[in-house]
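This report refers to the structure that appears directly beneath it.
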Amino acid sequence: MTVSPEGLSLAADFPEATREHWQRLVEGVLRKSGASDATGAQAEDALATQLQDGIRIHPLYTAEDPAADGAVGPGFPGLAPYVRGGRAEGAVAAGWDVRQRHTDPDPARANQAVLADLENGVGSLWLTAGAAGVPVAALPELLQGVYLDLAGVVLDAGAETAAAAEQLFRVYRERGVPAHAALGNLGADPLGLRASGGPAQPLPEALAEAAALAVRCAAEYPGLRALTVDALPYHDAGASPGQELGCSLATGVAYLRALTAAGLTVEQAAGQLEFRYAATADQFLTIAKLRAARRVWGRVVRASGAGGAAGAQRQHAVTSAVMTTERDPWVNILRGTLACMAAGVGGADAVTVQPFDSALGLSDAFARRVARNTQSILVEESHLARVIDPAGGSWYVEQLTDELARAGWAWFQEIERAGGQAAALDSGLVRERIAAGWAEREADLAHRREPITGVSEFPNLAEKPVLREPLPPAATGSAGLPKVRRSQAFEALRTRSDAELAATGKRPRLFLATIGPAVVHTGRSSFAANLFQAGGIETVAGEGAEAFTASGAAVAAVCSSDRLYTEQGAALVAELRAAGARRVLVAGRPEALPEADGAVFTGCDAVAVLTSTLDLIGAVR
C-alpha cells in the first residue's frame, strides 16, 4: 500500500478490494460474452485451467490461499525445506553453472566445439560417451586443452560409465589435476539407463559398480559426484511434472539405499547425487517443479536421518526435448529462452539449453553459440541470477509448488508400495501410468487446446528445411520407455505432404469456398487455412464451383457467417459436389451447415481431420 509523506494512506478514499467484488466483475464479463451464467465462486472457477496431476490453475491467488504461507513454509534460502534454494547465496555470486552438452562422436570435432564453448561463457561440459557419443577411449583427446581444475566434466556414458570414469581419472592423474580440484559428475545412473532401455548389466551389479564409484569419489574427489538421478527418460516419455518428481524421488531413494549399504553415511550418500530435471516453456510450472523437487527431496533425506545441508538437492535443469520441434525449429530458440529463464528463477544449480536444432541431428556451431549465449544474456545482461528465489512469496507460485510437491510425493509413495523404482519399471507400472497421461495430453495437442507455434498454429509451408548430420543411433532395448514430442503427430502429416510434393511437384490442396465479402468470411477462412496448412495441405480461396474446378483441389471447405450458411450454404455444397468435390467441409460448428460432410472449428480434432483429408486426397503415406 502506498503511503504519503504525511503517513496517510493514499488508498484511504477508495473502497477495499475484496474477492467477492472481483467475482461480481467476472460474472458480468462472462454474461456479456455468453460464456457462462455462473455466479460467485463458480464464476471464478469458470476461468480455471486444468493441468496434469489433478492441478487446477485459478485466475486469482491471494494471501487467503492455503499455501500462501505453506503447510511446511517456504523457509529461507539454504535452509530446510530448501524450497527457496539449496544455497543461502543462491546464484548471486557467479550465476548458475552454464553447462553445454556435446554429442558429436568425432573426438577432434568435439574438442574444437568444447574449447569454443569454454572460451565463450560455458562453465562445465556434459559429454556423451560410449555407443551414443564419442568413444570412451577418445575422452583424453576430447578433453585436450581443457583446464580440468576450472571446468567441470559431467559424463553420460550409459553402460560404459565405469570405463569412462576410469578414463577421466587417468586424465586427472596424467595432467596433474589435484584430486580436490576435480569437478563434475561421473553420471552413473543404472535405473535411468534401465528406464531408457539402454544396454545394461544386471541391476545388482550396476548398483554395486555405481556405489564403488561413489565410495571412491567420497574418499578421494570431494568436488566430484558419482551418480545422476536423471528424470529426463520419464519426461521424454511424456510424464507429467508430478510423475517426473515421483520417479526421481524413488530413484534417489534406491541410490541412497545402495550407497549406505556400501558403507557411506546418509550425508555422504546424498552428497554423491545430482538430480536432472526438464525445463519447459511453461515458466511457472518449471519454477514450481524445481522448488517442489528440493522440498520433497529434503524431506526424504531428513527422514533418512541426515541433518545439516545434506538435504540440499543439487539440480541440473535441461531444456525439454519434448517441446522441441523439427518444423520451424527457429521457434525453439524462444522456447529454450523461456525454459532457461524458468530454470534460473527456479533455482537450478546448472542449466543446459539444448540447441534449437537438437531434434534434427547433430547441432552445428551456430546453434551451440545461440544456446550458450541465451544463458549469458539472462545471467550477464538480464541479471537474472542477482535475486535469490525471485518467485518466492508469489501466492500463485507458492500454491503451485505445494500442489506439485504433493502430487510428486503421492506418486513416489505408490512406487515404493510397488517395491521401488526398479520393480515399478519392470512391472510396467511406470510405463502404463505415463502412457495414460500422455494419451490425454495427445488429445489436447490433436485438438489444439495445447497449441504449438509454427507447427499446429501458424505453420509456414514455404519454410526451407534445416538439415543436420544425424546423431549416432542410441542403443535402446524394447523394454525402454518411448520418446515423444509434442509436435510429432503434426510433423508426420507434414512429412506426408513433403513426400507428395517430391513425387508429384505439388502439395495436397484444399479449396476454401468463401461466401460474401472479405469482412464476413476472413475470420473463418483464415482459421481454416491455418488448420489445413498445419497438416501440409495448401489452401486456395475463391468463390463458386468454377473457382473450385480451377483450383485443382479435391476437397473444399465452405467459409462464411452462420447467416450466409443458412441462406446460401446448401446450394453451394451441392454445386461443389456436382463440380467433383469428394468432400465438402464447413468452417464452423456442424449444425451451422448440416448439408456439409464435416466441420472444422475451434477445439475439433485437427489431427483426425487432417489425416482423413490427406487419405482422401491420396497423399503419399
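Quick caveat, the model's predicted, so the values are computed rather than measured. Values below: every heavy atom of this structure, side chains too, minus hydrogens, waters and symmetry copies.
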Before you tell me yes or no, could you show the steps for H521 and I515 under side-chain contact (heavy atoms from CB on, under 4.5 Å), namely the whole-Å CA-CA distance, both residues' side-chain angles and the distance that decides it to 0.1 Å?
CA-CA 7 Å; H521 67 69; I515 306 175; over 6 Å; no
Ignoring hydrogens and geometry, is there a side-chain-to-backbone donor-acceptor pair from S526 to G523 under 3.5 Å?
no
Spacing of CG belonging to D156 relative to CG belonging to L193, to within rounding of 0.5 Å
9.5 Å
Side-chain heavy-atom pair W126, H316 within 4.5 angstrom cut-off
yes
I need the minimum non-hydrogen distance between E27 and G40, along with the two atoms involved.
OE2-N, 2.6 Å
Nearest heavy-atom pair of S320 and T324: which atoms, and what distance?
O-OG1, 2.9 Å
Salt bridge (Lys or Arg N to Asp or Glu O under 4.0 Å) partners of E457, counting only residues at least two apart
R448
Nearest 0.5 Å please: distance from the CD atom of Q421 over to the CG atom of D426.
10.0 Å
Is it the case that over 12 heavy atoms from other parts of the model lie below 6.0 angstrom from the NE2 atom of H21?
no
Where do F532 and L585 land on the side-chain contact (heavy atoms from CB on, under 4.5 Å) test, with the steps shown first?
CA-CA 12 Å; F532 286 106; L585 303 171; 3.7 Å; yes
Taking it one step at a time, do L425 and Y234 satisfy side-chain contact (heavy atoms from CB on, under 4.5 Å)?
CA-CA 11 Å; L425 283 168; Y234 311 105; 4.0 Å; yes
Would you say R433 and E414 make side-chain contact, with heavy atoms under 4.5 Å?
yes
Are any side-chain N or O atoms of R583 and backbone N or O atoms of L616, one a donor and one an acceptor, separated by less than 3.5 Å?
no
Which distance, rounded to the nearest 0.5 Å, do you find between the OG1 of T539 and the CG of L512?
4.5 Å
Does any part of the side chain of R31, heavy atoms only, come nearer than 4.5 Å to the side chain of D37, both counted from C-beta?
yes
State which residue, out of I617, L610, T611, D615, fulfils the side chain to side chain contact (heavy atoms under 4.5 Å, CB included) condition with T613.
I617
Between E491 and E326, is there a donor-acceptor pair closer than 3.5 Å when you use the side chain of the first and the backbone of the second?
yes
Donor-acceptor pair, R431 side chain versus A195 backbone, under 3.5 Å?
no
So that I can tick it off, tell me whether R56 and E403 are bridged by a salt bridge, with the cut-off set at under 4.0 angstrom between side-chain N and carboxylate O.
no
What I'd like to find out is whether the side chain of I55 reaches to under 4.5 Å of the side chain of L400, using heavy atoms alone.
yes
Could you pull out all residues at least two apart from R507 that satisfy salt bridge (Lys or Arg N to Asp or Glu O under 4.0 Å)?
D498
Sidechain-backbone polar pair: S551 side chain, F548 backbone, donor-acceptor under 3.5 Å:
yes
Would you tell me whether S487 and R485 have side-chain atoms, one donor and one acceptor, within less than 3.5 Å of each other?
yes
Sorted by chain and residue number, the salt bridge (Lys or Arg N to Asp or Glu O under 4.0 Å) partners of E450 (sequence neighbours excluded) come out as R441, R486
Please check this pair: side chain of D65 against backbone of T62, looking for a donor-acceptor N/O pair closer than 3.5 Å.
yes
Start with the C-alpha distance between S196 and D230, add both sets of side-chain angles, then the distance that settles side-chain contact (heavy atoms from CB on, under 4.5 Å), and finish with yes or no.
CA-CA 10 Å; S196 62; D230 193 353; over 6 Å; no
Can you pull out every salt bridge (charged side-chain N to carboxylate O under 4.0 Å, His left out) where at least one residue sits in residues 550-577? Sequence neighbours excluded, please.
R524-D562, R563-E567, R577-D597
Measuring from atom CZ of F356 to atom CZ of R335, what distance do you get when rounded to the nearest 0.5 angstrom?
12.5 Å
With sequence neighbours excluded, give me every side-chain hydrogen bond (donor to acceptor under 3.5 Å, both in side chains) pair touching residues 362-371.
D357-S363, D364-R468
Return yes if some donor-acceptor pair links the side-chain N/O of Y277 with the main-chain N/O of A231 below 3.5 Å, else return no.
no
Could you pull out the closest heavy-atom pair between E244 and A278, with the gap in Å?
OE2-N, 3.0 Å
Are V484 and D236 packed together at the side-chain level, in the sense that at least one heavy-atom pair is separated by less than 4.5 angstrom?
no
One should read off an interatomic distance between I415 CD1 and C247 SG, to the nearest 0.5 angstrom, of 4.0 Å
Please tell me if the side chains of Q568 and L572 come closer than 4.5 Å, counting only heavy atoms from C-beta onward.
no
If you define the side chain from C-beta out and look only at heavy atoms, does anything of T280 sit under 4.5 Å from H235?
yes
Any side-chain donor-acceptor pair under 3.5 Å between S358 and R101?
no
Backbone N/O of T319 and side chain of Q354: donor-acceptor pair under 3.5 Å
yes
Mind listing the closest non-hydrogen atom pair of G361 and L471 along with its distance?
C-CG, 3.7 Å
Kindly compute the distance separating CD1 (I434) from OG (S240), expressed to the nearest 0.5 Å.
8.0 Å
Has the side chain of E595 got a donor or acceptor atom that lies under 3.5 Å from a matching backbone atom of A574?
no
Would you indicate whether the side-chain heavy atoms of F284 and V397 approach each other to under 4.5 Å?
yes
Using every non-hydrogen atom in the two residues, find where C559 and Y565 come nearest and quote the distance to one decimal.
CA-OH, 3.4 Å
Heavy-atom closest pair (A581 atom, V584 atom, distance to 0.1 Å) is CB-CG2, 3.9 Å
Got a sec, which pairs hit salt bridge (charged side-chain N to carboxylate O under 4.0 Å, His left out) with one end in residues 528-554, sequence neighbours left out?
R509-E538
